[in-house]
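When reading the values below, keep in mind they use all heavy atoms of this one structure, side chains included, and skip hydrogens, waters and symmetry mates. In this text the structure is predicted, and so the values were computed from the model without any measurement.
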Amino acid sequence: MVTLWIIKKEFKPFIPADKVVPEFTATSIILGIILAVIFGGANAYLGLRVGMTISASIPAAVISMGIIRMILKKDSILENNIVQTIGSAGESLAAGAIFTLPAIFMWAKEGKCDEPTFITVALIALCGGILGVLFMVPLRTALIVEEHGVLPYPEGTACAEVLLAGEEGGSKSKVVFAGLGIAAVYKFVADGLKLFPSEVDFSFQGTYTCGVGMDVLPALAGVGYICGPKISSYMFAGGVLSYLVLIPAIAYFGGESLSSVTDEAGNALAFNQLAPGDIWGQYIRYIGAGAVAAGGIISLIKTFPTMVRTFKKALSGFGDNVSGGNRTQKDLPISVVLIGILLVAVVMFIVPSVPVSLLGAILIIIFGFFFATVSSRMVGIVGSSNNPVSGMAIATLIVTTFVLKATGIDQVEGMIAAITIGTVICIVAAMAGDTSQDLKTGYIVGATPIKQQIGELIGAVVSAFAIGGVMYLLNNAWGFGSKEIAAPQATLMKMVVEGVMGGTLPWVLIFIGVFIAIVVEILGIPVLAFAIGLYLPIHLSAPIMVGGIVKWFVESRRKYKDEAQQKACVEKGVLYSAGMIAGEGIVGILLALFAVLNWDVDLSSIYGDKFMSVGNWVGLVVFALLIASLFFFSRKGSTVEMDAEDVK
């Protein structure tokens, strides 16, 4: 305790508490809102396609520094901090919403219920976003201030380093925009004009039924680079197990026995007649679902002692947040926080557009505060990228569905209520984690907490309506669960709720996945990453692996003069990758708009079947050029700096 006290007393923020500089300005608010919409929409598209999202704090920070410092000729680190605070809210809210809400759209498509209205989607997202921020306010002093030097908050600290870099902001923002522009053009040519296929597939059927291939798209390569070689390899290993081991085994052992897959005439097909995609859709995805569910629960069990300690500490210091005269210690008043939480609970209960009962609202407040506490501490240790939000959502859905069913709320009504409750809690956990990272950044640079907290609320409000619109656009264009927008996490949540409520899951396949996850955990492999790879098509994990290999190559080169140059090189690759993800996401939303408006820009018919017959190889060649650009931009800045040092 003495050591912690000394650390806290000795820490001096970059901007002293007694110094007032521009912070919560019209420029920072407007720019933050724009970035919240952009990164929120891009992450919604990415998450619905591949089941993963990326942190937007650092890209938002460098874009902000490029615009405010280089274009507007202003110099205020706290303005940039507010921009990234508001801008990153869209990414977190998107993660919570897309992992669950599309399940209701899928039920509507199946004719089980009415499609939720735009207002319903926006209000559900808004309630979760506001609660996530408010729950984090009383935790700031305990987690950010008292444990500074103990909890590293990796993304928050890294973002602070970017902001403190100062003069480098302009050059770094150029890297982000370069990735965004190149990826946007690539995506439009591939999936808009369709001059080459965005999916390369080499499937084999017969003696050895298996499938290999990849979606040659920039966002997936960017995800792989950001995740790094280890996480990427775990995901790819899961894909190899499903497509090169389990699919051939099912086809071989099934032989001429009839499967549950039928042809166009309704006749059952034998296992050895099935294509790899048929086996994956009918059997493997249930094995993967069991593995992901087990992985999420294992992650929760492993962190349970930490959860309990954090929760106890949060309760004991709930009213200790400071709101006095010190600028860097001023939070939202606890009275405002409590009133806000109560109002959100009442809105969820009384507004007809939000399908939550009084019991549901109580469950949301209880589970929400618990998981907000857990999430805030977890991201302080392992970072937002490794925060088991999906595991928390699965645990919530299982418990909630059982409770609702036991109280007589069952069938479709119970399933919709369970997904709604799970959505709000999932958003709460994601937003609490993001808010804590942003507050850590603010603590280091000397920001005013209450202004950051208001900024988070602004970001939540704007993002809720923006992401609601994006989800409606994507669903109307392609439909959730389709090849273009697979919504893998939401499909998993749908299966969990249906399985608990109606007993419809093929439990044998589910338990196979569970025990695969247990074996992987025993071997010491991060089970959640492996399980996600097992659950997703190999076409998604393969390009992610390619991105991971690029990062490994960049990190392992020995031509760096020192560690600082190596770090700068890797960071430029991360920024370029973030730009690629944003660029593809923006064009993906644009193409969805074209689809809704029936605007056809497809030019593939000009080249005929002959061109498309070699399309796989064309796609691989173009993807190789894209990967070369990632390597070039990650090395470019480092090479320039090294050359400059050599001249000196």
Side-chain angles (χ1 to χ4, degrees), residues 35-60 86-103 121-122 124-133 135-136 155 219 222-223 226-227 231 292 296 299 368 371-372 374-376 378-379 382-394 396-397 419 422-438 456 459-460 462-464 466-468 470-471 474 480 485-493 528-529 532 536 578 581-582 585 589:
L35 293 180
V37 173
I38 291 174
F39 282 107
N43 267 290
Y45 171 81
L46 178 66
L48 288 167
R49 184 175 180 87
V50 73
M52 298 177 64
T53 58
I54 55 104
S55 175
S57 295
I58 293 177
I86 299 174
S88 63
E91 164 256 323
S92 299
L93 196 144
I98 62 177
F99 284 177
T100 47
L101 269 180
V121 174
I124 291 173
L126 181 60
C127 290
I130 292 176
L131 286 177
V133 177
F135 282 146
M136 180 54 206
E155 285 91 344
V223 168
I226 292 173
C227 290
I231 298 298
V292 172
S299 299
F371 281 132
V374 172
S375 178
S376 298
M378 285 299 299
V379 299
V382 301
S384 298
S385 301
N386 298 311
N387 191 15
V389 173
S390 60
M392 298 179 197
I394 290 171
T396 300
L397 287 175
I419 284 291
T423 299
V424 175
I425 293 173
C426 196
I427 295 173
V428 165
M431 283 295 296
D434 173 74
T435 301
S436 58
Q437 293 283 11
D438 292 339
E456 292 280 1
V462 173
S463 301
I467 290 168
V470 169
M471 289 180 65
L474 296 175
F480 296 131
I485 303 294
Q489 293 279 17
T491 303
L492 171 61
M493 304 304 172
L528 207 51
I532 290 173
L536 293 175
I581 293 170
I589 294 170

Q. Could you give the distance from OG1 (Thr423) to CD1 (Ile124), rounded to the nearest 0.5 Å?
A. 6.0 Å
Q: Please round to the nearest 0.5 Å and tell me the distance separating atom CG of Leu35 and atom CD of Glu91.
A: 12.5 Å
Q | Closest heavy-atom pair and its distance - Ser436, Met136 | A | CB-CE, 3.5 Å
Q: Might you point out which heavy atoms bring Ala487 and Pro102 nearest each other, and give the distance in Å?
A: CB-CB, 4.3 Å
Q: For Phe99 and Met493, work out which heavy atoms get closest and say how close.
A: O-CG, 3.1 Å
**Q.** Rounded distance (nearest 0.5 Å) linking atom CD1 of Ile427 with atom CG of Leu101
**A.** 6.5 Å
Q: Search all heavy atoms of Ile419 against all heavy atoms of Ala103 and return the closest pair with its distance.
A: CD1-CB, 3.9 Å
Q) Which value, rounded to the nearest 0.5 Å, describes the distance between Ile86 atom CD1 and Asp438 atom CG? A) 10.0 Å
Q) Looking at Val470 and Ala44, what are the two nearest heavy atoms and their distance? A) CG1-CB, 4.1 Å
**Q.** Distance (rounded to the nearest 0.5 Å) between Leu474 CG and Ile467 CD1
**A.** 11.0 Å
Q) So how far is it from Met431 CE to Glu456 CD, rounded to the nearest 0.5 Å? A) 5.0 Å
Q. Hey, does the side chain of Ser92 reach the backbone of Ala89 with a donor-acceptor pair shorter than 3.5 angstrom?
A. no
(Q) Show the nearest heavy-atom pair for residues Phe135 and Ala372, with the distance to one decimal. (A) CB-CB, 3.7 Å
